Asks: 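I am attaching a structure below and will ask some questions about it afterwards.
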Amino acid sequence: MKITDILVRDALVLDLASAEKSAVLAELAGALAAAEPGLDAEALLQVLSEREKLQSTGIGDGVAIPHGKLPGLPRLIASFARSRAGVDFESIDGQATHLFFLLVVPEHAGGQHLKALARISRFLRDAEFRKLLEEAETPEDVLRAIEDEDAKF
Amino acid sequence: MPDLPHRMEARRYVVMGAGEVGRYLAQTLSLEGHSVTLIDVDEGKRVVAEEQLEVAFVHGNGSQLPALEAAGVAGCDLFVAASSSDEANLAASLLAKRVGAQRTVVRVSTAEDITEHGRIYEETFSADLMLSTQLLTTTRIVNMVLGYNTIDIEYLAQGRLQVRKTHVDPGSILQRQKLADVKLPGNGLVLAFISNERLLVPTGDDRARPGDDALIFAPAESIDELERHISGHATHIGTVVIAGGGSTAREVAKRLAPHVSQLKIIEHNRKRAEELAADHPGYQVIHGDVTDPSILVEEGIGGASYFVALTGHDETNLMACLLAQEHGARRIIALVDRSDTSTLWRKVGLLDVVSPRMVAAAQITEYIDNGFQRSIMSIEGGTARFVQRSVFPESPAAGATLAEISVPRGLIVAAILRDGIATVPRGNDQLVAGDDVILFVHQSELSTVHLVFPGPDRI
C-alpha cells in the first residue's frame, strides 16, 4: 500500500488556522470533507474525537496521526496538514505537534487500517522526512516528499 | 564487565527489619560504601547494627511515621521493607513513598502474594518491587534439581502467565537451531535473546549466541515444560525425597512433581501429612521423623536422585542431610535459614545449601545494580518492556488478526486475556473489543502501541 494512493491531495493544508486540539480536529475533518464528496464532516469529527478520548494520537516528535473508522466509507483515505506554530495535542512526549496525518478507514478495514497506520508512523520516524514536511513551501513539495518515501519501501 | 557509574556514587538506603534478610542486605550495601540505616522494633538489635554491621540504627516501628522520619526516609534512594510481618512491610512501603522515598522494595513471605496478586499490591502500596523469599528459594531449588537456569521470573495476568529470563546453555536447542526450526512445546514463545550488548527480538532465522540469556513466555502450567525443552538438560530424574511438608516444600513439590518419576514427602506432623496426601494424590506422603534413620532407609533414600531438606529447622535439616548422605542419597540440597552457619555445612560436605536471606538480598542488589529496573519488566534499561492494554471498539486492533498486527518486528502480542482465560495466540487468531492483550514491545515500536492499542497501561 502506497500512502500516495490513499492521500487526498485537495485536502492538504500547509498552514492550519486552528491552534487548539478540538479546533484542529474540526479543521482536518472539514478540509477532508470539502475535498471528498459524500463525507460527513460532523460524523468524522465525532469518530476522531472518540478515538482521541481513548488516548491521544500525538505520538511524539511533533507528529500526530488522528484516525478512525467511518461506516459507509468506500475506501481508505488520508490527508496531510501542518501547523507552523504547533498545537498542544496532548502528545505522549508532551511536545507541540506540527505534522498531522489524518487516516479514515471503512468500518471493516482490519488489516488495511493497521498497514496504513504502520506505514505512516514508520515514515514519520525518519527525522529527514519530517524535516522535508516541516520545510515544504508548496503542496507539491509535500507530495514529492511522500512519493519519494513511498518509493523507498 | 566494567562497573556501572551508578554503583560508584554513594547512595542512601533505609532497611526496615534487622532480621536475617535486613542484616545481610544492610551489610552488603554498607560494604559497597553506601549509607545504610536499619530500623527495628527491637532495641536489642542496636548493638549488632552499630558494632557488627557498622550501620546506623533507629529504634522504632517502620510502619509508623516517627521511625521513618528519624531514619531519613525522605529522599532516600531505596527503602527496603524486610521485617517479618507482611502487613507492616506493605504499610511501610506506602508511608515511605508518601514521606519521599524514591523507591521501595517489599518482602512478603508467601508465594501467592506475588504470583497472583503482586500487581495489585504493588499498585496499592506503591512498591516498585515485591519479592517473596519462598518463591525465590523455590526457584533456586528447582534450578538445582531440574538443571534449569532461571534467573528471574515475572508473573502476569494474576499468575496465569509467566515470563522467565533464563540462561541459554551451550547444549540448548536455542543455540543449535534457528528459531523457526525449534518446535516449542505447550504454547510457548521465545520473546528475546539478551546479552550484555544487545537485546534481539528474534525472527525465525535467529538463534541464541553463546552467553545469551533468553526471555521465554508461556501460560503458568506449561512454562516448566518450555524451560525444560530449551535447558538442554532433559535427563531423567528418578525419586526425589523432600523432608518437611510446609509451604516451601509444597511450592517445591508442585514445581518438581511433573518432571520426576516419584515424589516423596516426609512430614512429622500427622495432620499436615494427612492433608498433604489428601490434596496431592500423586505424591507419596510419609508420616514420620526425618531424623530417624530407619524411616530414611525404609523410603529408599539410597536410590533417591535427590534429597531436599525443607523442614524449616536448620538443626533438623542438618541431621537429616547427614543421614541421607550416610545412606547414599545421590544429591542433597538443604534450606538453611542462618546464613552464618553455611561454612559449617560445607565442612561436612553438604555443598548445595540455599539460604533464603541470601537469595532475597541477591535479588535486591541485582535490582539496584540494574539501575533500579526490574530485569524482566524493563529490559536492558528500558529497551523493551511488557505492556498490557485493553482492546476497545475504537481500537485499530479490534477485528484484526495477529498476523496483521505483528507486522513490525519488535511488537509481539504475547497473550490474549479473554473471559478470564489467558492464551498465547497464533497468527490467525483475531482480536475483539473487550480483550486485554499483553504486548512485548521494543522501545522503537512504542508509538505503534499507542496507535494500535490506544488506552491506559494496565501493567
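Predicted, not measured: the structure shown is a model, and the values here were computed from it.
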Asks: Are there more than 12 heavy atoms of other residues, nucleotides or ligands under 6.0 Å from atom NZ of Lys131(A)?
Replies: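 Check fails, neighbour count at 12 or below.
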Asks: Quick one: pull up CD1 in Ile405(B) and CG in Leu117(A) and give me the separation to the nearest 0.5 Å.
Replies: 11.5 Å
Asks: At a heavy-atom separation under 4.5 Å, does Ile65(A) approach chain B through its side chain, its backbone, both, or neither?
Replies: both
Asks: With side chain to side chain contact (heavy atoms under 4.5 Å, CB included) as the test, would you mind laying out the steps for Glu52(A) and Glu394(B) before giving the verdict?
Replies: CA-CA 10 Å; Glu52(A) 292 298 326; Glu394(B) 299 86 1; over 6 Å; no
Asks: Around atom CZ of Arg160(B), are there more than 12 heavy atoms from other residues, nucleotides or ligands closer than 6.0 Å?
Replies: yes
Asks: If every non-hydrogen atom of Leu451(B) is compared with every non-hydrogen atom of Arg51(A), which pair is closest and at what distance?
Replies: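 Minimum heavy-atom contact is O-NH2, 3.4 Å.
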Asks: With rounding to the nearest 0.5 angstrom, report the CZ to CD distance, Phe392(B) to Glu50(A).
Replies: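 One gets 12.0 Å once the value is rounded to the nearest 0.5 Å.
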Asks: What residue in Gly60(A), Gly111(A), Gly68(A) has the most heavy-atom pairs under 4.5 Å with chain B?
Replies: Gly111(A)
Asks: Measuring from His450(B):NE2 to Ile92(A):CD1, what's the distance to the nearest 0.5 Å?
Replies: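 The distance works out to 3.5 Å.
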Asks: Where do Leu114(A) and Ala397(B) come nearest, in terms of heavy atoms and distance?
Replies: CD2-N, 4.3 Å
Asks: Shorter than 4.5 Å, heavy atoms on both sides: which option in Ala400(B), Ser447(B), Pro396(B) has the most such pairs with chain A?
Replies: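 Option with the top pair count is Pro396(B).
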Asks: Heavy-atom cut-off 4.5 Å, strictly under: side chain, backbone, both or neither for Ser395(B) against chain A?
Replies: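 Both the backbone and the side chain of Ser395(B) come within 4.5 Å of chain A.
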Asks: Which one wins on heavy-atom pair count under 4.5 Å against chain B: Asp61(A), Val47(A), Val105(A), Leu54(A)?
Replies: Leu54(A)
